[in-house]
There are 2 protein chains.
Amino acid sequence: MPNATIRDVAREAQVSVASVSRALNGHERVRPELRARVQEVAARLGYVPHAGARSLSLARTSAIGVVLPDLHGEFYSELLRGMDREVAARRLALLLTVLQDGRGLNTLAALRGQVDGLVVMAPQLGAAELRAQLPVGLPAVFLNCVPGLAGAALRVDNAAGAAAMVNHLVAAGARAIAHVAGPAGNVDAEERRAGAIAAADRAGVALTVIQGDFSEASGAAAGAQVARGTIQADALFAANDAMAIGALVALKGHGIAVPGQVRVAGFDDIPLARLVTPALTTMRVDIAALGARAVQLLARRIVAPAEGLVEVGPADAEAIVPRLVVRDTTTETDRETQS
Amino acid sequence: MPNATIRDVAREAQVSVASVSRALNGHERVRPELRARVQEVAARLGYVPHAGARSLSLARTSAIGVVLPDLHGEFYSELLRGMDREVAARRLALLLTVLQDGRGLNTLAALRGQVDGLVVMAPQLGAAELRAQLPVGLPAVFLNCVPGLAGAALRVDNAAGAAAMVNHLVAAGARAIAHVAGPAGNVDAEERRAGAIAAADRAGVALTVIQGDFSEASGAAAGAQVARGTIQADALFAANDAMAIGALVALKGHGIAVPGQVRVAGFDDIPLARLVTPALTTMRVDIAALGARAVQLLARRIVAPAEGLVEVGPADAEAIVPRLVVRDTTTETDRETQS
DNA sequence: TTGTTACGTGTAAACGGTTACATCGACGGC
DNA sequence: GCCGTCGATGTAACCGTTTACACGTAACAA
């Protein structure tokens with residue numbers, strides 16, 4: 001007793017399969033009465049078109065693939081949330097693929113025929129590796145990947161964000177900044193580091209880079225170094241919030257006043273940032289908007305696959321600029337828990 | 001220049017399409033030499049089987065649908081992470097669908113033919129609504145849904161968890177517990193409330209229920225009531241961590257010592273729980289394991305669709321038991337920030 | 001030699017849709 | 001009354017796989 005097919009509906013409604021297809025897909029040349037009858041029968045039999053068969057005829061799958069690095073934290077929730085918002089409006093589905101380590105080499109290629117396009121986020125992959133894995137001829141939007149790939153690029157303007165934060169710290173009185181960087185080879189991490197260094201140079205303040213890996217633990221280690229004076233700094237700017245929070249806890253644990261003795265800042269504005277004590281100053285990235293925009297761009301590329309429009313060119317390399325969110329770890333006001 | 005098809009490979013390798021199919025799918029009756037030639041040609045042409053066509057022939061899609069309520073926070077990241085772990089090992093894909101408000105009524109039905117099975121999480125939906133929307137004949141695993149649906153049920157053992165927490169509070173010296181409940185109609189909330197009440201009865205301690213809605217604000221309101229003495233209690237057990245943290249902040253704001261005067265406990269062990277001061281005692285739910293287990297169960301149901309095995313019966317209604325995580329809000333030791 | 005068996009390969013029929021084209025009737029202009 | 005047109009519907013080909021079945025060949029036993 002498998003599912004009803006279009007032929008079952010046709011037989012039951014005493015029409016041809018072509019008419020059923022036309023009636024259900026809203027074609028014009030269909031007598032209203034016949035359309036109504038077909039719809040009634042389809043509903044009665046619980047008929048739902050077979051997605052595979054449809055994609056075979058139409059050469060469209062109505063699904064877009066999302067390729068993400070190993071999933072952690074709210075970042076991905078937010079991204080998926082934003083993507084889902086756009087996807088639902090377009091009656092598309094999201095096919096999720098996590099790309100990690102060994103597996104995934106042919107995983108990506110296997111998506112061909114299963115999706116109409118790809119949103120790829122792979123900050124840890126180089127252009128060559130990525131190009132090698134990607135199915136050719138599939139529209140793609142790249143989130144925070146190395147530049148120069150064939151497809152639309154959408155990125156967070158990490159350098160500008162880091163610079164804005166350095167400027168804020170300087171304005172708040174910092175003269176020696178410790179920057180806790182993310183893992184080497186990660187594009188986001190590199191850009192934030194470069195942006196911070198450049199801004200510190202321009203502002204004429206010292207900046208020391210401490211190597212981290214985006215984990216809270218590595219942030220704590222960096223915080224400990226600053227607390228013990230191994231590294232001299234009156235401000236600690238971490239490349240993401242997780243490390244900033246790790247550092248914050250470590251500093252407090254060592255009895256350092258924040259922001260009194262050391263100002264602390266992060267990047268991303270994860271929900272947790274506003275809840276720690278003192279609340280963390282950070283750069284907010286509207287992650288949901290990033291995801292939504294990626295889907296918009298991809299959808300545009302799918303409807304106009306080989307479009308040569310000039311207008312598409314510039315729009316294809318957008319950057320989302322993060323916004324500075326000032327909280328208590330960098331400002332003297334609103335203090336309550338200092339000893 | 002569309003993608004190469006099996007016929008292209010067959011022509012190029014000078015064999016029939018059947019042989020190509022057999023060679024690539026690892027059938028036995030294929031001469032090794034021919035298999036090698038086919039593989040070489042397939043690789044050269046960049047041939048990847050069309051997923052739609054395959055699903056049409058095989059009546060299998062190699063994808064499973066995940067239906068989730070509106071995405072927020074790390075909970076969903078963790079769930080997806082756990083699911084992905086299992087899914088990748090089985091070479092399946094995850095098709096994500098967010099079920100919210102109006103839309104989704106036919107969204108679910110449309111999944112038929114697009115996935116081999118469904119993992120459904122819909123704590124806000126009743127059995128009738130859910131049954132109405134679900135495609136019939138599709139294997140499904142329900143996460144924390146109302147009981148009595150046709151399919152495997154996997155739940156968090158909320159009642160046992162709440163009971164464990166009540167017992168812990170009593171062991172820590174509590175004699176009058178205030179339970180801040182979650183929103184009415186939410187299955188998790190109801191079960192936690194019932195479990196707490198039953199355990200308090202057994203232990204012979206008083207338990208007052210305060211209505212909350214899982215929000216930090218409602219927790220704060222409850223905390224204020226306890227602080228002002230409107231409700232007499234020496235322990236406050238919230239149905240989730242967000243409310244517990246709200247209560248914690250409110251209690252501290254009213255100058256109540258935690259855990260000195262009032263012990264505080266939550267549920268879920270969100271990452272924030274360990275970072276607030278004092279660190280929150282809570283019940284940890286291994287969410288990734290929940291997701292992974294759901295996929296395992298579903299995979300089993302897919303390979304054995306109409307299996308009548310007795311063994312499947314009991315395994316079909318599993319519960320994941322949360323684990324007690326004792327931190328500083330319920331134990332006198334390790335205190336440092338009390339006035 | 002001939003019949004049987006086993007094995008490798010090809011042929012063609014599904015799977016469930018969409019749609020170009022053919023068909024058929026009604027209608028209006030001449 | 002005939003023909004051209006147009007609109008509604010049916011027929012059948014096609015999308016790319018898998019696989020039951022047929023077929024040819026070679027090895028082997030009788």
Side-chain angles (χ1 to χ4, degrees), chain A residues 1-39 41-42 45-63 109-116 135 137, chain B residues 1-39 41-42 45-63 109-116 135 137:
Chain A
M1 215 87 52
N3 297 327
T5 75
I6 197 173
R7 277 170 244 278
D8 297 329
V9 176
R11 190 177 337 105
E12 189 78 7
Q14 320 229 34
V15 292
S16 72
V17 291
S19 292
V20 174
S21 178
R22 282 188 285 252
L24 296 178
N25 290 325
H27 278 235
E28 297 179 344
R29 301 281 125 91
V30 178
R31 200 154 37 96
E33 165 206 325
L34 183 144
R35 183 192 305 273
R37 187 167 83 230
V38 168
Q39 282 171 339
V41 172
L45 299 185
Y47 166 73
V48 177
H50 186 285
R54 193 167 220 172
S55 90
L56 198 52
S57 301
L58 294 176
R60 262 191 329 105
T61 63
S62 294
L111 288 176
R112 173 147 65 163
Q114 204 159 181
V115 299
D116 293 332
Chain B
M1 215 88 53
N3 296 329
T5 75
I6 198 173
R7 273 173 250 277
D8 297 328
V9 177
R11 190 177 338 105
E12 189 79 6
Q14 320 228 33
V15 292
S16 72
V17 291
S19 292
V20 174
S21 178
R22 282 187 286 250
L24 295 179
N25 291 325
H27 278 237
E28 297 178 345
R29 300 283 123 93
V30 179
R31 200 154 37 96
E33 166 206 325
L34 183 145
R35 184 191 304 273
R37 187 166 83 231
V38 169
Q39 283 171 338
V41 172
L45 298 185
Y47 166 72
V48 177
H50 187 285
R54 190 167 222 172
S55 90
L56 197 52
S57 291
L58 294 177
R60 262 193 327 109
T61 63
S62 295
L111 287 176
R112 174 146 64 162
Q114 207 160 179
V115 299
D116 293 331

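What you are looking at is a predicted structure, and each value in this text was computed from that prediction instead of being measured. Numbers restart at 1 for each chain; the letters A, B, ... are given by sequence-line order, proteins then strands.
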Practice task
Could you check how far NE2 of A/His50 sits from P of C/dT18, rounded to whole Å?
Solution key: 12 Å
Handout entry: 5'-most by nearest nucleotide on DNA chain D - A/Val15 or B/Ala53
Key = A/Val15
Practice task
Output yes when at least one side-chain N/O atom of A/Tyr47 is less than 4.0 Å from OP1 or OP2 of C/dG16, else no.
Solution key: no
Handout entry: Matching residue for B/Tyr47 among B/Asp8, B/Val38, B/Ile6 - test: side chain to side chain contact (heavy atoms under 4.5 Å, CB included)
Key = B/Ile6
Practice task
Identify whether any heavy atom of A/Thr5 sits under 4.0 Å from a base atom; if not, whether one sits that close to sugar-phosphate; answer base, sugar-phosphate or nothing.
Solution key: sugar-phosphate
Handout entry: B/Ser55 (side chain) donor-acceptor with B/Gly52 (main chain) under 3.5 angstrom
Key = yes
Practice task
Indicate whether OP1 or OP2 belonging to D/dG10 is found under 4.0 Å from a side-chain N or O atom of A/Ser16.
Solution key: yes
Exercise for the section: Grab the CZ-P distance between B/Arg35 and C/dT9 for me, whole Å please. Expected result: 10 Å
Exercise for the section: For B/Val48, report the nucleic acid contact type (base, sugar-phosphate, nothing); a contact means any heavy atom under 4.0 Å. Expected result: sugar-phosphate
Practice task
Would you indicate what B/Ser19 reaches in the nucleic acid, counting non-hydrogen atoms under 4.0 angstrom: base, sugar-phosphate, or nothing?
Solution key: sugar-phosphate
Handout entry: Distance in angstrom units between A/Leu56 CG and C/dC15 P, rounded
Key = 14 Å
Exercise for the section: Using atom CZ of B/Arg60 as one end and atom P of C/dG16 as the other, report the distance to the nearest whole Å. Expected result: 16 Å
Practice task
For A/Asp8 and C/dG17, give me the distance from atom CG to atom P, rounded to whole Å.
Solution key: 9 Å
Exercise for the section: Can you check whether any acceptor in the base of D/dG10 is under 3.5 Å from a donor in the side chain of A/Arg22, or vice versa? Expected result: yes
Completion exercise
Taken in chain and number order and not counting sequence neighbours, the residues that satisfy salt bridge (Lys or Arg N to Asp or Glu O under 4.0 Å) with B/Arg31 are B/Glu33
Handout entry: Interatomic distance, B/His27 NE2 vs D/dA20 P [rounded to whole Å]
Key = 9 Å
Handout entry: OP1 or OP2 of D/dT18 under 4.0 Å from side-chain N/O of B/Arg54
Key = yes
Completion exercise
Looking only at heavy atoms, the pair that brings A/Ala10 and A/Val20 closest together is CA-CG2, 3.7 Å
Practice task
Check if the side chain of A/Ser21 and the base of C/dT18 share a donor-acceptor pair of N or O atoms closer than 3.5 Å.
Solution key: no
Practice task
Could you check which of D/dT17, C/dG8, C/dG17 has an atom nearest any side-chain atom of B/Arg31?
Solution key: C/dG8
Problem - Any side-chain heavy-atom pair of A/Arg54 and A/Asn25 under 4.5 Å - result: yes
Exercise for the section: Specify the separation, in whole Å, of atom CZ of A/Arg7 and atom P of D/dT11. Expected result: 12 Å
Handout entry: Per B/Leu58 side chain, nearest of listed nucleotides C/dG17, D/dT19, D/dT17
Key = D/dT19
Exercise for the section: Round to the nearest Å and state the distance from A/Leu24 atom CG to C/dT18 atom P. Expected result: 8 Å
Exercise for the section: Just call it for A/Val17: base, sugar-phosphate, or nothing, with non-hydrogen atoms closer than 4.0 Å on any strand. Expected result: base
